There are 2 protein chains.
Amino acid sequence: MAKHDIDLSPLFHALADPTRRAMLTRLAEAPARVTELAEPTGLKLPTVMRHLSVLEEAGLIATSKDGRVRTCAIVPEAFQPVRSWLDEQRAIWEARLDRLDAYVMTLMKERET
Amino acid sequence: MAKHDIDLSPLFHALADPTRRAMLTRLAEAPARVTELAEPTGLKLPTVMRHLSVLEEAGLIATSKDGRVRTCAIVPEAFQPVRSWLDEQRAIWEARLDRLDAYVMTLMKERET
DNA sequence: ATGATAGTTAGTGATATGGCTAAGCATGAT
DNA sequence: ATCATGCTTAGCCATATCACTAACTATCAT
């Protein structure tokens, strides 16, 4: 449980909901206002707001209010910690596979002699 | 909400817990038995079992029982859908940035004339 | 066959999540 | 000034999550 791990949970949690992922995909296309994001979901506004707060608290989106309209935008960099974690995991088990490979090679060489 | 999206939720959910991520990291190093995985967590066995089922149901680990010992192993391919989804998101907003770039270029050219 | 070991099952409780309605509060338009 | 628009807050409910204890089962060792 490394230090950078701390904020990984809210990130993954935010991504664990299909509605929120759909919102992110929509926002990847272009920024949008709350009502606009609510429409395709069929959910009521308060529910949508909740999802948006989860996304915002995870840092995946940023919002700002102009008049009575709140505009939401994706924060692409926010995905990086997730990518990094995945890469780290891969690095670990790839290193392990390499060790295994090396071991097999040793066995084969021993057999040769 | 595409078709392949269906199993992304359990995946992300499984990854949203620090204990489970720690277990995955441990398993990335090498397979391990249940007790071995429980130890560093300080959690009771039933709790650990729960976490393991979540991981297994998400397809992130595979387990098998030999005698009274259950051995858990990571399933590296299981991470792929997550990576793919992240890549898709990135592709979408990068395409958008490109369009924006192109637009800015148009503006600049118009100014030249 | 006794007992220790390694999981497993069942059941409890506190808290979090995801949905809702109802009511409130600022704009923006007329 | 009035009314519609676009959130926002508060509060409710069902279900899910994460932790626990207690009791059970199935090996393995002696």
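Just so you know, these numbers use all the heavy atoms, side chains as well, and skip hydrogens, waters and symmetry mates. These numbers were taken from a predicted model, which means no experiment stands behind them. Order of the sequence lines sets the chain letters (A, B, ...), proteins ahead of strands, with each chain counted from 1.
At whole-Å resolution of the value, CG in B:Leu55 and C1' in D:dC18 are 14 Å apart. C:dT17 atom C1' lies 13 Å from atom CD of A:Glu57, rounded to whole Å. Residue B:Glu39 contributes atom CD, which lies 13 Å from atom C1' of C:dA6 at whole-angstrom precision. Per the geometry, NZ belonging to A:Lys44 stands 18 Å off C1' belonging to D:dA10, to the nearest Å. In this entry the distance linking CZ of A:Phe12 with C1' of C:dT17 reads 19 Å, nearest Å.
Within the structure, every pair that satisfies the side chain to side chain donor-acceptor pair (under 3.5 Å) test and touches residues 65-77 of chain B, not counting sequence neighbours, is listed here: B:Thr63-B:Arg70. Screening residues 31-46 of chain B for salt bridge (Lys or Arg N to Asp or Glu O under 4.0 Å) gives B:Arg26-B:Glu36 as the qualifying pairs, with residues at least two apart or on separate chains. The ring-ring contact (aromatic ring centres under 6.0 Å, His included) analysis of residues 12-49 of chain A, with sequence neighbours excluded, yields the pairs A:Phe12-A:Trp85.
Residues of residues 61-69 of chain A having a heavy atom closer than 4.0 Å to DNA chain D, listed by number: A:Lys65, A:Arg68, A:Val69. Heavy-atom distances under 4.0 Å link DNA chain D to B:Pro46, B:Thr47, B:Arg50, B:His51 of residues 45-52 of chain B, given in residue order. Listed by residue number, the members of residues 29-37 of chain A with any heavy atom below 4.0 angstrom from DNA chain D are A:Arg33, A:Val34, A:Thr35.
In terms of the side-chain hydrogen bond (donor to acceptor under 3.5 Å, both in side chains) criterion, B:Glu94 has no residue partners (sequence neighbours excluded). Residues passing the side-chain contact (heavy atoms from CB on, under 4.5 Å) test with B:Leu45, sequence neighbours excluded: B:Val34, B:Ala38. Residues that satisfy the side-chain contact (heavy atoms from CB on, under 4.5 Å) test with B:Gln80, not counting sequence neighbours, are B:Arg83, B:Ser84.
Side chains of A:Ile74 and A:Phe79 form a contact here, defined as non-hydrogen atoms less than 4.5 Å apart.
Transitive grouping of hydrophobic side chains (ILVMFWY, heavy atoms separated by less than 4.5 Å) brings B:Leu52 and B:Leu43 into a common cluster.
Of the possible polar contacts, one joining the A:Thr25 side chain to the A:Arg21 backbone as a donor-acceptor pair under 3.5 Å is found. Side-chain atoms of B:Arg20 never come within 3.5 Å of backbone atoms of B:Leu15 as a donor-acceptor pair (strictly under, hydrogens ignored). The main-chain N or O of A:Ala91 is never found under 3.5 Å from a side-chain atom of A:Arg96 such that the two would form a donor-acceptor pair.
Closest-nucleotide positions on DNA chain C for B:Thr71 and A:Asp17 were compared, and the one nearer the 5' end corresponds to B:Thr71.
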